[in-house]
Each structure stands twice: as structure tokens, then as C-alpha cells.
Novice: 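Input: one structure, supplied below.
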2 protein chains.
Amino acid sequence: MPFPQTEIPGRLQSQLSERGVRMTAQRRAILSVIETAKKHLDASSILRKAQKMDATVDRSTVYRTLELLKRHGAIDELDLMHMEGERHFYERKTGRDHLHMACLRCGKITEFESELFEDLKKQLERDCRFHILVARLEVGGYCAACRK
Amino acid sequence: MPFPQTEIPGRLQSQLSERGVRMTAQRRAILSVIETAKKHLDASSILRKAQKMDATVDRSTVYRTLELLKRHGAIDELDLMHMEGERHFYERKTGRDHLHMACLRCGKITEFESELFEDLKKQLERDCRFHILVARLEVGGYCAACRK
DNA sequence: ATCTAGTTGCGACTTAGTTGCAACTAGAAC
DNA sequence: GTTCTAGTTGCAACTAAGTCGCAACTAGAT
Ligand SMILES: [Mn+2]
Ligand SMILES: [Mn+2]
Ligand SMILES: [Zn+2]
Ligand SMILES: [Zn+2]
């Protein structure tokens, strides 16, 4: 996960507060889990981790909060090729988008930023007159280590 | 859906037969539904349509066949931003990849082929030494008609 | 015509996410 | 600080989407 040094803990929280989103103990727990995540987390991992900070957090609150964060464009939702199960993964949306490569042999997820990706998005905005809110590029195949 | 005139009915079927995949009446029904689809279909629409050709087709056979087709790289699986429900959508994989734009206001799905997309994939193959089997670019936002 | 590995329908099951509701609470207004 | 209310919560029950074990069936090779 790209963890820019500029990302201050609690940043996500204040960003939402400023937007008029009400802060509760449960939300603070969930937000801090997402902010400090070292990898892509699914809803049930988020729940488990959040419960360690606030035991009252419920599954439905996690889902409702993920919905909220998506609406506010604060997180992205990923399939990561649904390599096992159908669950979705979440990550903090940072300044610049990145794409995800999932190795279908070893399961490794690699992230990559690319100017071409930015150019492609600009092309859609311009040529298709489409106003982009989310752009999700996921690639499946074999990573450098696994290809033959 | 891009329906190249070069796509002959039954093409998908023979493609698989040649690959040593056993053909059953159920598979023929499912394949023909996918081949003649005029839009992106989810598993239950595929089931409904396939049952009109062969009433014995079962839900589990649809899912098993979709799995098979994915493994053979014959179809792509899409989220289309999961605008209602969590279901996945399927489409015949044609020669050239295309990306999907989903309008979050009116729900319209727009497809787009782009040389930049091809370039980006080449960049991943080259710079990341990643061997791509599937590439899925889905964009959410507002279409030309809906953006204010 | 025979044979067998692959495929099927069925039904029960799992997993992921949703929802209605009564109780609770953040934060704005006094 | 007290009051107030719209927004939020946990709970439990629910839906939707997909999976799986198994006995019966069958495609296609021999
Ligand atoms: Mn998905
Ligand atoms: Mn398409
Ligand atoms: Zn790998
Ligand atoms: Zn629209």
C-alpha cells in the first residue's frame, strides 16, 4: 500500500469531521484501522481489528461505515481478482491512483503508479466527456517470480 | 457490447471443443446465451435465458460453466461498480480489451477501446515483468448526459 | 457396444452483505 | 451544563450470490 509520509494519523478522521460527518467511537476505531493498514483489508478483517480498539463495534457498522467512506471518496473498493471468496478489499484513497496486479499463482498483489494510467483517465474525461469519481484497474496474471 | 461482425455463432463452442472441453446440451445453451448477449449479463440472467433453450439447466451448472470459461480466458468478469447488489457480470472476451464506464447517476454503462489502455498493459508486461491474463478497468462517475 | 472420466441436478450449505427497529448519542442550540 | 433531535448504533433476522458433496448420467474415446 502506498503510505505517503504526508499521511498523518487521524487525518482521515478530521477530513470527515470537516465535511460534517459525525464522529463516534466506532467510526474512530474503523477509520484508524483503515488508516494504519499495512495491506488491503476486507470487511471482516476490519471488523476484527476495530473490535480490538472498541469491542462494541458491530459488523453492520463496519459495512455502513465502508459505504460512507466510499460515498465520500475516502476509500477505494477492490476485488483483487476474487482469488478466494467473493469478498471485497478496501484501501485509503491517496492523492494519486494506482493499479493492482494480482498473481494468480502465488497470490501476490503488486501496486503500480503510471503516468499512462493518468493519461488514460484524462482521455476519458476529455473524449468521452465522462466525469471520473473512481477508477479501478485490476490485472490478473503471473508475477515476475512466477512466470515460468 | 462490442459485437464484431467476425464473430460467428457457435464460434465459442468450437473454440472450446478444439481445446478438448466436453460439450453438453447445457453448456451449448449457456454458451449461446453468452455469445448472443446484447448487454452484460449476470449469472441469474444467464440461467433464465439458458433455461429457455434447455429447461434442465441448473444454477450450479451456470456457475461451473462461468468458472470454466474464465479459466479458458473466454469471458471476462465485471463488477460494473456493483451499482445494485453484489452480482458480477459477464461478457465474451473479444480480440481487443475495452474498459467500462458506469454512470453512478443514470446507471448507463459505456464501453471504450483505447490505444492508451493497450500501451499501459504493455508497460506492465515490460516494466513490471508481469504476464497479463486479464485486465479489467472499470470507472465510476457521471456520463456526458448526467454531469450537470 | 462398451467404458470411464467428466459433467449434471439437486439440495443443503456458506459467505458476504443488508435491513428494520428500538435504544443510544454527537454535537448544535440554548 | 441541559436540552434536543437527527444521525448512528447493536442486534437479530434476513437476502443475495455463490459453492459443494454426491449419486445419476453422458460425451466421446476405444
Ligand atoms: Mn466484485
Ligand atoms: Mn463490455
Ligand atoms: Zn506470483
Ligand atoms: Zn448518466
Side-chain angles (χ1 to χ4, degrees), chain A residues 10 13-31 33 40-72 74-75 77-90, chain B residues 10 13-31 33 40-72 74-75 77-90:
Chain A
Q13 205 189 115
S14 35
Q15 183 185 315
L16 289 163
S17 288
E18 279 158 34
R19 294 255 241 143
V21 171
R22 225 189 256 203
M23 268 313 133
T24 63
Q26 295 87 338
R27 282 187 181 167
R28 270 186 290 267
I30 294 166
L31 297 187
V33 167
H40 303 98
L41 300 177
D42 61 12
S44 63
S45 319
I46 294 172
L47 173 61
R48 246 181 299 108
K49 285 170 186 283
Q51 283 179 333
K52 287 187 185 151
M53 318 185 64
D54 178 340
T56 75
V57 180
D58 186 75
R59 190 160 45 103
S60 62
T61 301
V62 169
Y63 282 111
R64 290 192 274 232
T65 304
L66 289 172
E67 249 339 284
L68 177 84
L69 295 174
K70 276 194 275 175
R71 273 203 315 277
H72 283 271
I75 56 169
E77 185 179 62
L78 306 168
D79 271 25
L80 299 182
M81 289 293 136
H82 284 315
M83 289 192 292
E84 45 134 348
E86 296 287 292
R87 72 189 75 107
H88 291 113
F89 295 88
Y90 301 90
Chain B
Q13 207 190 113
S14 35
Q15 184 186 314
L16 289 163
S17 289
E18 278 159 34
R19 295 254 241 146
V21 171
R22 224 189 256 200
M23 266 314 133
T24 63
Q26 295 87 338
R27 282 188 183 166
R28 270 187 290 269
I30 293 166
L31 297 187
V33 168
H40 304 99
L41 299 177
D42 61 14
S44 63
S45 319
I46 294 172
L47 173 61
R48 246 182 300 110
K49 284 168 185 285
Q51 282 179 332
K52 288 187 183 152
M53 318 185 63
D54 179 341
T56 75
V57 181
D58 187 76
R59 189 160 46 104
S60 61
T61 301
V62 169
Y63 282 111
R64 291 192 274 232
T65 303
L66 289 172
E67 245 346 280
L68 177 85
L69 295 173
K70 274 194 277 173
R71 274 203 314 278
H72 283 272
I75 56 168
E77 185 178 61
L78 306 168
D79 271 26
L80 300 182
M81 288 293 137
H82 284 315
M83 288 191 293
E84 46 135 344
E86 296 288 294
R87 74 190 72 112
H88 290 113
F89 295 87
Y90 302 89

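Order of the sequence lines sets the chain letters (A, B, ...), proteins ahead of strands, with each chain counted from 1.
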Novice: Would you give the length of the straight line joining atom CD1 of B:I75 to atom CZ of B:F89, rounded to the nearest 0.5 angstrom?
Specialist: 13.5 Å
Novice: Anything under 4.0 Å to a heavy atom of chain B counts; send over the first and last such nucleotide of DNA chain D, read 5' to 3'.
Specialist: D:dA17 to D:dG28
Novice: Go through it in stages, so that I can follow the logic: the residues are B:I46 and B:T65, the test is side-chain contact (heavy atoms from CB on, under 4.5 Å), and I'd like the CA-CA distance, side-chain angles, deciding distance and then a yes or no.
Specialist: CA-CA 11 Å; B:I46 294 172; B:T65 303; over 6 Å; no
Novice: Can you list every salt bridge (charged side-chain N to carboxylate O under 4.0 Å, His left out) pair that touches residues 57-72 of chain A, not counting sequence neighbours?
Specialist: A:E67-A:K70, A:K70-A:E77
Novice: Quick check for you: to the nearest 0.5 Å, what is the distance between A:L78 atom CG and A:H40 atom NE2?
Specialist: 5.5 Å
Novice: Give every pair of a protein N or O atom and an N or O atom of nucleotides 27-30 of chain C that lie under 3.5 Å apart, one pair per line with the distance.
Specialist:
{"from": "C:dG27", "atom 1": "OP1", "to": "A:M23", "atom 2": "N", "distance (Å)": "2.9"}

Novice: So, is A:H88 close to the C:dG17 phosphate, meaning a side-chain N or O under 4.0 Å from OP1 or OP2?
Specialist: yes
Novice: Looking at residues 44-58 of chain B, who's got a heavy atom less than 4.0 Å off DNA chain C?
Specialist: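 The stretch gives B:T56, B:V57, B:D58 as the residues lying under 4.0 Å from the strand, ordered by number.
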Novice: Enumerate the residues from residues 63-72 of chain A whose closest heavy atom to DNA chain C is under 4.0 Å, giving them by residue number; use none for an empty result.
Specialist: A:Y63, A:R64
Novice: Please name the pair of heavy atoms, one in A:Y90 and one in A:A43, separated by the smallest distance, quoted to 0.1 Å.
Specialist: CE1-N, 4.2 Å
Novice: List for me each residue that meets side-chain hydrogen bond (donor to acceptor under 3.5 Å, both in side chains) alongside B:S45, sequence neighbours excluded, and say none if there are none.
Specialist: B:D42
Novice: State the CG-CD1 distance between B:L69 and B:I30, to the nearest 0.5 angstrom.
Specialist: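 Going from CG on B:L69 over to CD1 on B:I30, the span is 8.5 Å.
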Novice: How would you list all residue pairs meeting salt bridge (charged side-chain N to carboxylate O under 4.0 Å, His left out) that involve residues 17-31 of chain A, not counting sequence neighbours?
Specialist: none
Novice: Of all residues at least two apart in sequence or in a different chain, which pass the side-chain contact (heavy atoms from CB on, under 4.5 Å) check with A:M53?
Specialist: A:A29, A:S32, A:V33
Novice: Which salt bridge (charged side-chain N to carboxylate O under 4.0 Å, His left out) pairs, counting each pair once, include a residue from residues 43-57 of chain A, with sequence neighbours left out?
Specialist: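 Every pair satisfying salt bridge (charged side-chain N to carboxylate O under 4.0 Å, His left out) with a residue in residues 43-57 of chain A: there are none.
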Novice: What residues, two or more places apart in sequence or in another chain, satisfy side-chain hydrogen bond (donor to acceptor under 3.5 Å, both in side chains) together with B:E86?
Specialist: A:H88
Novice: For DNA chain D, whose closest nucleotide is more 5', that of B:A25 or that of A:R27?
Specialist: A:R27
Novice: Is the base of C:dG17 touched by the side chain of A:R59 through a donor-acceptor pair closer than 3.5 angstrom?
Specialist: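 Looking at the base of C:dG17, it does pair with a donor or acceptor on the side chain of A:R59 (distance under 3.5 Å).
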Novice: Rounded to the nearest 0.5 Å, what's the gap from CG on A:L31 to CG on A:L16? Could you check?
Specialist: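 So the CG of A:L31 and the CG of A:L16 are separated by 6.0 Å.
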Novice: Hey, is the main chain of A:V57 close enough, under 3.5 Å, to the side chain of A:T61 for a donor-acceptor pair?
Specialist: no
